[in-house]
Amino acid sequence: MSADTVRLSVTNVTAGYGKLQVVNGISLSVGRGEALALLGPNGHGKTTLLRAITGLGPLTGGTVELDGERIDRLGTPAIVERGLMHVPQGCTLFPRLTVGESLNLAGRLKRARRVRSANLELVLGLFPKLVERRGQPVGAMSGGERQMLAIAMGIMANPSVLILDEPTLGLAPKVRHEILRTLLDIRATGLSLLVADGDVDFLFGLADTWCVVELGRTVGRGTTEEKPTQEQMMAMFVGGAHAPTALAAGPDEEDGHA
Ligand SMILES: Nc1ncnc2c1ncn2[C@@H]1O[C@H](COP(=O)(O)OP(=O)(O)OP(=O)(O)O)[C@@H](O)[C@H]1O
Ligand SMILES: [Mg+2]
């Protein structure tokens, strides 16, 4: 990826909770209009990494750049205003607001205001269910509808890079498919995506490249043109004991440490 096409660049990031270091030096980059899939066993640091990137959680080392600008010392509101938006795992929404009010709220960010009506038209076109539910309180919606709203709110913030943490968690296959189709449509508009999820078919349908996080390090990367073998799949979900040599080769050149 040439330097001028890189949107998000994460270099040697460490993060954790108090004395517990969970992310042990991860590097990755996402180009314009590209999608990077983050996989790995549960509890190995994907969410911690994503939260550190957007300032929602503590980052103890390394750098994060968005379009060439260091953003790792800015707070989350300033990071979002620069175009990096995060839809968190287990999307926390405001249950008493209606769907319409929630979308308007996300569209109030400074960078989003001037394109609010165009983005509203876009998300309602992408998620027709939200049109039906527009006047309803969020608390009355199904899990799938709430996830659609969370993604729609992410788009209303008018980001250049959208981070999605477990967007299909707990959803039925049909809803997963709808979300996948919608995210592919959004990607086609030039938005870059960084997505952690447990559904490999979903991730491989969406992304160009993948990266496996194990024990807070990247232990494998590849392109989604080539499907992983059954053995590599095992490594992605249960960790190193099952990792083939290629996948468990340790941090690669992008990690910047031995
Ligand atoms: N707020 C917290 N305080 C202390 N430890 C935490 C906190 N959040 C997560 N952890 C710990 O950090 C480690 C990594 O958790 P994290 O949520 O980043 O993993 P994950 O890869 O996103 O897992 P999953 O696939 O289940 O979403 C786990 O051991 C977890 O228990
Ligand atoms: Mg997680």
Side-chain angles (χ1 to χ4, degrees), residues 8 10-28 30 35-62 64 72 75-76 79 84-93 143-144 146-147 150-151 153-154 161-173 175-176 179-180 183 193-207 209-222 224 228 232-243 247-248 250-252 254-255:
L8 177 68
V10 171
T11 309
N12 214 12
V13 158
T14 56
Y17 307 93
K19 284 184 182 157
L20 177 69
Q21 184 157 301
V22 170
V23 175
N24 296 303
I26 289 186
S27 300
L28 53 86
V30 188
L36 170 63
L38 216 55
L39 301 119
N42 296 127
H44 281 237
K46 301 179 298 295
T47 294
T48 305
L49 169 70
L50 297 179
R51 288 175 56 83
I53 291 173
T54 43
L56 291 169
L59 179 143
T60 52
V64 182
D72 48 85
T76 303
I79 290 174
L84 179 58
M85 182 67 185
H86 184 149
V87 177
Q89 182 168 348
C91 53
T92 40
L93 301 169
R146 277 206 297 275
Q147 192 58 57
I151 296 169
M153 288 173 72
V161 181
L162 185 60
I163 291 182
L164 299 164
D165 195 358
E166 305 283 347
T168 74
L169 192 69
L171 302 185
V175 184
R176 288 175 185 218
I179 289 181
L180 171 61
L183 290 175
L193 298 170
L194 172 56
V195 188
D197 204 85
D199 181 338
V200 176
D201 287 336
F202 172 84
L203 285 180
F204 275 63
L206 178 64
T209 51
W210 53 267
C211 166
V212 177
V213 172
E214 192 188 321
L215 293 174
R217 293 181 191 278
T218 49
V219 295
R221 297 170 193 271
T224 54
Q232 285 176 319
M233 286 280 224
M234 286 288 280
M236 288 173 183
F237 292 100
V238 291
H242 298 267
L247 199 68
D252 60 23
E254 262 196 90
D255 287 276

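When a ligand or atom number is given, it counts from 1 through the structure's own listing order.
Panel note: side chain Thr218, backbone Ile26; no donor-acceptor pair is recorded below 3.5 Å. In terms of modelled atom types and a separation under 3.5 Å, the side chain of Thr224 and the main chain of Ala207 share a donor-acceptor contact. No donor-acceptor pair closer than 3.5 Å links the side chain of Lys46 to the backbone N or O of Val213. Judged by distance alone, the side chain of Asp72 and the main-chain N or O of Val64 form a donor-acceptor pair under 3.5 Å. Side chain of Thr11 to main chain of Ser27: no donor-acceptor pair is present (N/O by atom type, distance under 3.5 Å, no hydrogens or angles). Thr76 contributes a side-chain N or O that, together with a main-chain N or O of Gly55, makes up a donor-acceptor pair within less than 3.5 Å. Listed for the His44 side chain is a donor-acceptor partner under 3.5 Å among the backbone atoms of Leu215. Between the side chain of Arg221 and the backbone N or O of Thr209 there is no donor-acceptor pair closer than 3.5 Å.
Heavy-atom contacts of Gln89 reach the following atoms of ligand 1: 27 (O) (cutoff under 4.0 Å). In summary, the atoms of ligand 1 found under 4.0 Å from a heavy atom of Thr48, numbered by their order in the structure, are 14 (C), 15 (O), 16 (P), 18 (O). Close approach of ligand 1 to Lys46 (heavy-atom distance below 4.0 Å) involves ligand atoms 18 (O), 19 (O), 20 (P), 21 (O), 22 (O), 23 (O), 24 (P), 25 (O).
With 2.8 Å as the limit, Thr48 does not count as an N, O or S neighbour of the Mg ion (ligand 2). Gln89 lies close to the Mg ion (ligand 2), since one of its N, O or S atoms is found at a distance under 2.8 Å.
For the residues Leu39, Thr47, Leu49, the heavy atom positioned nearest atom 17 (O) of ligand 1 is part of Thr47.
For ligand 1, the polar-atom distance check finds an N/O of Gly43 within less than 3.5 Å of one of the ligand's N/O atoms.
Protein heavy atom nearest atom 10 (N) of ligand 1, with residue, atom name and distance: Tyr17 CE1, 3.4 Å. The shortest contact between atom 26 (O) of ligand 1 and any protein heavy atom is with Asn42 ND2, 3.3 Å.
No heavy atom of Gly40 sits closer than 4.0 Å to any atom of ligand 1.
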Residues Leu206, Asp197; criterion side-chain contact (heavy atoms from CB on, under 4.5 Å); working and verdict: CA-CA 11 Å; Leu206 178 64; Asp197 204 85; over 6 Å; no
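Here Val22 has side-chain heavy atoms under 4.0 Å from ligand 1, and that is the only part of it that gets that close.
Distances from atom 21 (O) of ligand 1 to the protein include at least one heavy-atom value under 4.0 Å. Checking atom 30 (C) of ligand 1 against the protein gives no heavy-atom contact under 4.0 Å.
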